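What follows is one structure encoded as structure tokens, with my remarks underneath.
Reckoned from all heavy atoms, side chains included, excluding hydrogens, waters and symmetry mates. These numbers were taken from a predicted model, which means no experiment stands behind them.
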Amino acid sequence: MSGLEVTQVLEIMAGVVQVLDRLGVGGLILLVLSGPALVVLAVLFIEYHRSVKQRGENATMLAAMREENARSRDGAAAQLEAYRADTQQLVRDLGANQRATDQYYKDNVELAKNYRRLAEVLQDVVVGNTRALERLIVMLEGRNSVGGWSNG
């Protein structure tokens, strides 16, 4: 260090000594005891500013979560509405198919009734034809015996 620097350091030290002399012994004790209190106050001040910052971040995160929740609800509502529409369409289609199936069975019942009537009519025709053939055979046999036709 140069002589000028040493002189400046001594002047600064002399100023500090004068301040300490003016404080006295009670002031020095108070200054020593106030050091930890100042540290505690500084920590409290820093913690307060950190908590204010954290509250701001928490509020921002809460708003973002609420927005995401609203979007999720809207998406779920849209999916639910699509599901409802699809389900209603399926129920309508099922009802239409059920009505068609009912009509199919009704038509089959009517068809079976018609087949039965047709079978009864055909039975009458067959019975009538059989009787007619029997009478024809009887008539032919009667002619054969009267008219002299023989098989031999």
Side-chain angles (χ1 to χ4, degrees), residues 1 5 8-9 12-13 15-16 19-20 23-152:
M1 265 210 282
E5 289 175 351
Q8 287 176 348
V9 169
I12 292 172
M13 294 291 279
V16 170
V19 169
L20 291 177
L23 287 175
V25 174
L28 284 176
I29 292 174
L30 186 62
L31 184 64
V32 167
L33 292 177
S34 69
L38 290 174
V39 169
V40 168
L41 287 175
V43 167
L44 290 175
F45 180 77
I46 291 169
E47 184 61 24
Y48 170 76
H49 282 290
R50 187 198 63 76
S51 69
V52 168
K53 181 181 175 184
Q54 186 67 41
R55 276 189 226 133
E57 290 173 358
N58 288 349
T60 303
M61 287 174 48
L62 182 61
M65 287 171 56
R66 285 182 177 154
E67 287 177 21
E68 181 63 29
N69 192 11
R71 281 194 299 272
S72 294
R73 265 191 315 240
D74 292 343
Q79 286 179 343
L80 181 61
E81 188 56 39
Y83 175 75
R84 282 182 187 153
D86 290 346
T87 303
Q88 287 175 350
Q89 184 61 41
L90 286 172
V91 167
R92 281 189 218 108
D93 292 346
L94 181 63
N97 289 342
Q98 185 63 41
R99 284 188 294 278
T101 303
D102 288 347
Q103 187 60 44
Y104 172 74
Y105 282 113
K106 288 176 185 176
D107 292 346
N108 279 346
V109 166
E110 190 62 34
L111 184 62
K113 288 178 183 177
N114 289 338
Y115 277 138
R116 182 176 180 173
R117 280 191 294 256
L118 180 62
E120 288 171 357
V121 168
L122 285 176
Q123 180 183 1
D124 291 343
V125 168
V126 169
V127 168
N129 283 344
T130 303
R131 287 186 185 151
L133 283 175
E134 286 174 354
R135 283 192 352 224
L136 182 62
I137 291 171
V138 168
M139 286 173 50
L140 287 175
E141 285 176 352
R143 275 190 184 179
N144 281 342
S145 60
V146 173
W149 291 352
S150 64
N151 286 338

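- Between Arg71 and Glu68, at least one side-chain N (NZ, or NE/NH1/NH2) sits under 4.0 Å from a carboxylate O, which counts as a salt bridge.
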Could you check Val125 against Asn129 for side chain to side chain contact (heavy atoms under 4.5 Å, CB included), going step by step and ending with a plain yes or no?
CA-CA 6 Å; Val125 168; Asn129 283 344; 3.6 Å; yes
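- Taking CG of Leu41 as the reference point, atom CZ of Phe45 lies at 10.5 Å (rounded to 0.5 Å).
- Atom CZ in Arg73 sits 14.0 Å away from atom CG in Leu80 (nearest 0.5 Å).
- Using a 4.5 Å heavy-atom threshold, the side chains of Leu136 and Leu140 count as touching.
- Each of Asp86, Asp93, Thr87 was checked for a side chain to side chain contact (heavy atoms under 4.5 Å, CB included) with Gln89, and the lone residue meeting it is Asp93.
- Side-chain contact between Leu111 and Asp107: absent, with no pair of heavy atoms (C-beta onward) separated by less than 4.5 Å.
- Between atom CZ of residue Arg99 and atom CG of residue Leu94 there is a gap of 9.5 Å, rounded to the nearest 0.5 Å.
- Ion pairing between Lys106 and Glu110 fails under the 4.0 Å rule for side-chain N and carboxylate O.
- With respect to Arg131 and Glu134, no salt bridge is recorded, no charged nitrogen being found less than 4.0 Å from a carboxylate O.
- Residue-environment remark: CZ (Arg117) exceeds the threshold of 12 foreign heavy atoms within 6.0 Å.
- Distance CZ/Arg84 to CD/Glu81: 6.0 Å, rounded to 0.5 Å.
- Atoms CG and CG, on Asp74 and Asn69 in that order, are 9.5 Å from each other to the nearest 0.5 Å.
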